[in-house]
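Structure first, commentary second.
If you're wondering where the values come from, they're calculated on a predicted model, not measured in any experiment.
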Amino acid sequence: MQTFWYLVLWFVAGLGALGAGGISHYAQAHFSAYAPRLFDGGKISDLALNEVLSPQHNLLGEYDEAGWWTFDSFRNYALHAAGWLLIVIVTGVVYWPDRVQALAQVCVGAGVVGWTPVFCG
């Protein structure tokens, strides 16, 4: 039964990671003060600096015509969520042999804030 609850905990942590990725993706798309294009003077030095420093030329991210991070892009969301999800997966795999102790630690932490999870009974 402990294995089942560990998998449930792992799944909930994965949902939290996807939520954190969504929040950071939203923040990058909507709270940027300036477009990612850093230099737009039309000079040859500006062209070279944009080529080197501008995220417009990033092969992984998608940007609109004005150089802003595209919010309605699954690829951009995946770039934010992948790191969080990788942390959850690696942590779950590392603690798999000690899953009973990991659940006990979650119960202790939940008790500190006044929660009582179902598996802590």
Spacing of T91 atom OG1 and L86 atom CG [to the nearest 0.5 Å]: 9.0 Å

N76 side chain to F71 backbone, donor-acceptor under 3.5 Å: no

Same apolar cluster (I L V M F W Y, side chains within < 4.5 Å links), L85/I87: no

Contact check, side chains of Y95 and Y6, non-hydrogen atoms, under 4.5 Å: yes

Non-hydrogen atoms of E62 and S73 that approach each other most closely: OE1-OG, 2.8 Å

In one Ile/Leu/Val/Met/Phe/Trp/Tyr side-chain cluster, 4.5 Å: W96, V100: no

V108 reachable from W115 in the ILVMFWY side-chain graph, under 4.5 Å edges: no

Side chains of I23 and W84 in contact at under 4.5 Å (non-hydrogen atoms): no

Ring centres under 6.0 angstrom apart (F119, F4): no

Atom of V88, atom of G14 and distance for their closest heavy-atom approach: CG1-N, 3.8 Å

Heavy-atom pair of closest approach, residues S24 and H80: OG-ND1, 3.0 Å

Co-membership, hydrophobic cluster, residues V93 and L9, 4.5 Å side-chain: yes

D72 CG to Y77 OH distance, which is reported to the nearest 0.5 Å: 15.0 Å

Same apolar cluster: M1 and L7, side chain cutoff 4.5 Å: yes

W69 and H30: side chain donor to acceptor below 3.5 Å: no

Separation of L18 CG from H25 NE2 (nearest 0.5 Å): 13.0 Å

From W10 atom CH2 to I89 atom CD1, the distance as rounded to the nearest 0.5 Å: 7.0 Å

